Structure formats: structure tokens, C-alpha cells
2 protein chains.
Amino acid sequence: MKKPLNQTCYKFFSCLSNPTRIATIEMLLEKPMSVNEIAFKLGEEQSMISHNLKPLIECNFITSNREGKKRVYSINKETINNLLKIVKNHAEKYCPKSGKCIIKEN
Amino acid sequence: MKKPLNQTCYKFFSCLSNPTRIATIEMLLEKPMSVNEIAFKLGEEQSMISHNLKPLIECNFITSNREGKKRVYSINKETINNLLKIVKNHAEKYCPKSGKCIIKEN
DNA sequence: TATTCATATGTAAAATTATTCATATAAACT
DNA sequence: AGTTTATATGAATAATTTTACATATGAATA
């Protein structure tokens, strides 16, 4: 593409534009977990979660740490919390009816 | 899905996870523009840009305003600037080599 | 070093999203 | 009202992304 495209933004946001990955992030906000734990709690397959963890790691939204046999994933709280704050703010302003967005015509 | 999925987050981020829409946002950060103007500057078709403006409007990332024959689109600076600040911050910390991300193994 | 447990990866199929092209709508001006 | 200019929309196709399944890798321990 010959657009003045900001690659960073694209990678950043597309990493977050997936229900499984958002759910995973929500899980990890509670506490660090292994792939199997996330998979079990979300009722999904381990390999599926594993595939979805990859872009999250690549974008540094989560980090991983080996603990014995397990590999434990933790959230990058700084970025994620700041992001969620903005989303929350935006949603409160524009989607006040429990997630139903308001669009004003002009 | 039976996941504790945050619908708002998903819509929010998936709206931003597209090169054309990011490029459009970048254009509109400079100044408000019509569809044709954006399309011309990006070297894309008008209908294509029009299709891509729709989700941006629905998510209130941009607003539109009729001015005579034209319809002018403006950016929601508050949300967008706050977002970009976070992306920039994150990228500076984790992708210092001009967009090349750093992943630390553990 | 064989076995087990935990996780990652390759790849084909399924699902979703984007783009293109043709056409519809809508406002302004004659 | 008819014409022009600007934008939106529908729908088929193309492109991308996601998921599922089989299997590979890797660390720990018997």
C-alpha cells in the first residue's frame, strides 16, 4: 500500500481486535496463568489459545515466564490498563445505553 | 461465545485494526475532509473509503457534517489523541528499533 | 533415557473482513 | 423538474484471519 500507513498502529490494534484475545487479556488481568488454565477457563482448546497468545506476546501485551513444567503468562498492566481506561471513557461518553452506541446525525 | 468477552473492546479495536482506516484517521488528524478528498489523497476508490468510514462513524471515532453538497468528516480528537499517545509510548518502550519490536525470552 | 505433562506449531478448512463494481440516493443549481 | 456533483449502498469476489486437529518440542522426573 502506498498509504501513509502507520504499521505500528495496525499491528497494535489488530492484535487486540479478537474476542479470544480480549477474553485472554481479561483473564490475565486477574492473575498470571498458564495456557491450559486460560483454555480451561474459557472452554477453548489449548492449541487455539496458544495460537492466540503468540500475537499478544509479539506485541508485548503479555510476557511469559517458565515455572518448572509450566509456562506462565502475565499481562503488561501499564499499557493494558491505560488502554482500557480510554475505552471505558469513550464508551461511557458514546455508548451510555449499556454498550449500545449513540450516533448523532448532522 | 460463552467467554467473558467485552463486546465494547472488540468493536473498538477491530474498528482500528485496518490500514485504510488508520490512514484515514491520520488524514483527518490534519484537517476535516470529504470522502472524495480522502480517497484522492490515499489513491483509493471513493466507495472503498466510504465503506471504511462507516465503522469509524459507528464507533464515534469520527463525526460527519454536511456542508452544502459535501459531507465533511472530522476526527474525535480526544479519544484518538489519547489512544495514539499510548501506542507511541508502548512502541517507544518495546519497539525502539524503528518499529522493530523487541521480545525478551524468559 | 523413557515417560509424562505442558505447550507450541503446521496446515487445511472455516469464518470473517475487505475491496470492487455497479448502481442508488441526496442535495444544490439550472 | 432535470442535471450535476458528492456520497452511500448492495452484493459478489478476493483476501485475510481464525480455528481445529494432528503432531512436534521441551522440560521434569521416574
Side-chain angles (χ1 to χ4, degrees), chain A residues 1-3 5 7 9-25 27-28 32-59 61-74 103-106, chain B residues 1-3 5 7 9-25 27-28 32-59 61-74 103-106:
Chain A
M1 264 213 264
K2 59 251 169 177
K3 293 172 194 166
L5 160 69
Q7 273 280 129
C9 280
Y10 174 59
K11 247 207 148 188
F12 188 99
F13 292 123
S14 57
C15 183
L16 298 168
S17 72
N18 172 294
T20 303
R21 292 197 287 275
I22 294 179
T24 299
I25 286 173
M27 297 270 96
L28 294 180
M33 289 182 204
S34 69
V35 193
N36 269 325
E37 203 173 349
I38 300 166
F40 177 75
K41 289 207 180 181
L42 295 180
E44 302 286 353
E45 274 200 27
Q46 172 270 318
S47 81
M48 190 267 226
I49 299 300
S50 208
H51 276 299
N52 276 293
L53 286 173
K54 201 187 224 170
L56 289 171
I57 291 169
E58 272 171 12
C59 281
F61 290 135
I62 65 179
T63 55
S64 83
N65 224 307
R66 189 166 273 283
E67 286 181 13
K69 279 188 192 176
K70 293 191 179 179
R71 177 170 287 277
V72 175
Y73 292 91
S74 315
I103 299 161
K104 31 179 196 278
E105 259 309 307
N106 222 315
Chain B
M1 265 215 261
K2 59 248 168 180
K3 293 172 194 166
L5 161 69
Q7 274 281 129
C9 280
Y10 175 59
K11 248 207 146 187
F12 189 98
F13 292 123
S14 58
C15 184
L16 298 168
S17 71
N18 172 295
T20 303
R21 293 198 286 274
I22 293 179
T24 299
I25 285 173
M27 297 270 96
L28 295 180
M33 291 182 204
S34 69
V35 194
N36 270 323
E37 204 172 349
I38 299 166
F40 178 75
K41 291 207 180 182
L42 295 181
E44 300 286 354
E45 276 200 26
Q46 171 270 316
S47 81
M48 190 268 227
I49 300 300
S50 208
H51 276 300
N52 276 293
L53 286 173
K54 202 187 225 170
L56 289 171
I57 292 170
E58 272 172 11
C59 281
F61 291 134
I62 65 179
T63 54
S64 83
N65 223 307
R66 190 166 271 284
E67 284 181 16
K69 278 187 192 177
K70 294 190 177 178
R71 179 170 286 277
V72 175
Y73 291 91
S74 316
I103 300 161
K104 32 178 195 284
E105 259 309 308
N106 221 315

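Hydrogens, waters and symmetry mates play no part in the numbers below; they use all other heavy atoms, side chains included. Lettering follows sequence order; numbering is per chain, from 1. Computed from a predicted model, the values in this text were never measured in an experiment.
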If we ignore hydrogens and angles and just use 3.5 Å, is the side chain of A:R21 paired with the main-chain N or O of A:C15 as donor and acceptor? yes
Does OP1 or OP2 of C:dT16 have a side-chain N or O of B:Y10 closer than 4.0 Å? no
Considering just the side-chain nitrogens and oxygens of A:N18, establish if one lies under 4.0 Å of OP1 or OP2 belonging to D:dT17. no
Rounded to whole Å, the CD-P distance (A:E45 to C:dT7) equals 15 Å
Distance check, rounded to the nearest 0.5 Å: B:I62 atom CD1 versus B:L53 atom CG? 4.5 Å
Between C:dT19 atom P and B:L42 atom CG, what is the distance in whole Å? 11 Å
To the nearest Å, how far apart are B:E44 CD and C:dC21 P? 12 Å
End-to-end bend of the helix from C:dT1-D:dA30 to C:dT30-D:dA1 (five-pair axes, 10° rounding)? 20°
When rounded to the nearest 0.5 angstrom, what is the spacing between NZ in B:K41 and CD1 in B:I49? 13.0 Å
Summary of protein contacts for nucleotides 5-14 of chain D, nucleotide by nucleotide, where a base hit scores B, a sugar-phosphate-only hit scores S (4.0 Å, heavy atoms): SSBBBBB---
Could you measure the distance from the OG1 atom of B:T24 to the CG atom of B:N18? Nearest 0.5 Å is fine. 8.0 Å
A:S14-B:S17 side chain donor-acceptor pair, cut-off 3.5 Å: no
Heavy-atom nearest nucleotide on DNA chain D taken for A:E67 and for A:S14; more 5' hit belongs to A:S14
Write down the distance between CD (A:E58) and C1' (C:dT9), rounded to a whole number of angstrom. 13 Å
Quick check: A:F13 with B:F12 (ring centres under 6.0 Å apart)? no
So how far is it from A:M27 CE to A:E37 CD, rounded to the nearest 0.5 Å? 9.5 Å
Which atom of A:L28 lies closest to which atom of A:Y73, heavy atoms considered: CD2-O, 3.4 Å
Do the side-chain N or O atoms of B:N52 get closer than 4.0 angstrom to the phosphate oxygens (OP1, OP2) of C:dT19? yes
Can we say A:K11 and A:E58 salt-bridge, meaning some charged N sits less than 4.0 Å from an Asp/Glu carboxylate O? yes
